[in-house]
Amino acid sequence: GLASPTEGSVSVLGDKALTARELRDRVGFIPAGDRTFYLRLSGLENLAFFARLHGLRRRDAVTRSLAVLEAVGLADAATRPVGGWSHGMQKRLSVARALLIEPDVLLVDEATHDLDPEGAQRIRMLVSALSSRGTAVLWATQRIEEIRGFADTVTLLAAGAVRFEGSVAELADRGSSGRYVLRLAGAALHGDVGRARLQRVLGASASLSLPLAGSAEHVVLEPHAGRSVGEAIAALVEAGVAVLACRQERSEVEEAFLSLSAEAGA
């Protein structure tokens, strides 16, 4: 509510006439940055302050703050200054702040981009719990794989325009990774002679690239048009090459993102 729109309109839960105060009482926000709290105050003091800004009386503000701290697993740290908290704890405090008003809509901005996998998973679980209780969640991220198994609907923005809108499965269908990383028994890739032998084995079914930097056991395989990765692997195994592992170089979701973004920049 600090600035008026120059054009266009936005509806929240079907209502375009909500005032700034009404919006703040219905929309929660988890920002990307961690400099949105008073670091010398405790977690409880921070939340009570923000609860008061939402109009809660002092006693109710403290009660509600304690409840949301418990919900995000921070009750034991409630009275400690936030400046001494870990980054992951401060992220969870951001979730707790968004919970103060029991939002109808939750906006999430890159909430996990600088967290370790365990911390990121905890944030996703907390937000998923909110969604399961009926909160509409709008999650902005550049971590493409994060949306798999997490988002109901995906909107891809590139160069200021919507390039895709649909389900994760539909987005994945837009991209197909044609390159695979194989881990082979080390002896199979011994020098140029070994690589040349592997290419002869594959024949017209696929092409091999040089092993990945820093690895003597990996090679990138790209099946030719109309040929499958399974066919190429079968040829290697039949020739006595031990294929220890196979994975796509990039997932279909990432491939689709890169393809659609490239179209936007063309």
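As the structure is a prediction and not an experimental result, all values here were calculated from the model. What's counted below: heavy atoms across the whole structure, side chains too, no hydrogens, waters or symmetry copies.
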Please output the side-chain donor-acceptor pairs of residues 5-18 that fall under 3.5 Å, not counting sequence neighbours, one pair per line with the distance.
{"from": "Asp15", "atom 1": "OD1", "to": "Ala17", "atom 2": "N", "distance (Å)": "2.8"}

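For Asn46 (side chain) and Phe37 (main-chain N/O), no donor-acceptor pair under 3.5 Å exists by modelled atom type. For Arg92 (side chain) and Gly73 (main-chain N/O), a donor-acceptor pair under 3.5 Å exists by modelled atom type. A donor-acceptor contact shorter than 3.5 Å is absent between the side chain of Arg122 and the backbone of Gly88. Between the Lys91 side chain and the Ala120 main chain, no donor and acceptor come within less than 3.5 Å of each other.
Annotation: the span from Leu53 atom CG to Arg97 atom CZ amounts to 10.5 Å, rounded to 0.5 Å. Annotation: the span from Trp139 atom CH2 to Asp109 atom CG amounts to 10.5 Å, rounded to 0.5 Å. The OG atom of Ser42 sits 3.5 Å away from atom CD of Glu45, with the distance rounded to the nearest 0.5 Å. To the nearest 0.5 Å, atoms CG (Asp60) and OG (Ser65) are separated by 10.5 Å. Of the inter-residue distances, the one linking Leu106 atom CG with Leu99 atom CG reads 8.0 Å to the nearest 0.5 angstrom. The distance from atom CZ of Phe50 to atom OG1 of Thr36, rounded to the nearest 0.5 Å, is 6.5 Å.
For the pair Gly43 and Leu69, the tightest heavy-atom approach, listed with the atom from each and the gap, is C-CD1, 4.4 Å. Smallest separation of non-hydrogen atoms from Arg52 and Arg58: NH1-N, 3.2 Å. Residues Ala48 and Ala61 approach most closely at O-CB, 3.8 Å, considering heavy atoms.
Both Tyr38 and Ile30 belong to a common hydrophobic cluster when Ile, Leu, Val, Met, Phe, Trp and Tyr are linked at side-chain heavy-atom distances under 4.5 angstrom. In the hydrophobic clustering of this structure, Met89 groups with Ile123; members are Ile, Leu, Val, Met, Phe, Trp, Tyr whose side-chain heavy atoms approach within less than 4.5 Å, directly or through other members.
Arg24 forms no cation-pi arrangement with Phe29, by the criterion of a distance under 6.0 Å to the ring centre and an angle within 45° of the ring axis.
Looking only at side-chain heavy atoms (C-beta outward), Val108 and Thr141 stay at 4.5 Å or farther from each other. Side-chain contact between Asp104 and Thr135 is absent, with no heavy atoms from C-beta onward closer than 4.5 Å. Contact annotation: the side chain of Leu41 never approaches that of Val82 to less than 4.5 Å [non-hydrogen atoms, C-beta and beyond]. You'll find the side chain of Leu74 reaches within 4.5 Å of the side chain of Leu93, heavy atoms only. The side-chain heavy atoms of Cys246 and Leu182, taken from C-beta on, include a pair separated by under 4.5 Å.
Applying the side-chain contact (heavy atoms from CB on, under 4.5 Å) test to Thr155 and every residue at least two apart in sequence or in another chain returns Leu157, Val162, Glu165. Evaluation of the side chain to side chain donor-acceptor pair (under 3.5 Å) rule for Gln121 yields Arg124 as partners, not counting sequence neighbours.
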- In sequence, state the C-alpha distance, the side-chain angles, and the governing distance for Leu100 and Leu47, and then conclude on side-chain contact (heavy atoms from CB on, under 4.5 Å). CA-CA 8 Å; Leu100 285 171; Leu47 291 187; 4.3 Å; yes
- side-chain contact (heavy atoms from CB on, under 4.5 Å) between Val27 and Leu107, intermediate numbers included: CA-CA 7 Å; Val27 178; Leu107 307 179; 3.8 Å; yes
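Each of Val62, Val68, Thr63 was compared with Leu66 under the side-chain contact (heavy atoms from CB on, under 4.5 Å) criterion, and only Val62 meets it.
Glu102 and Arg64 are joined by a salt bridge, as a carboxylate oxygen and a charged side-chain nitrogen come within less than 4.0 angstrom of each other.
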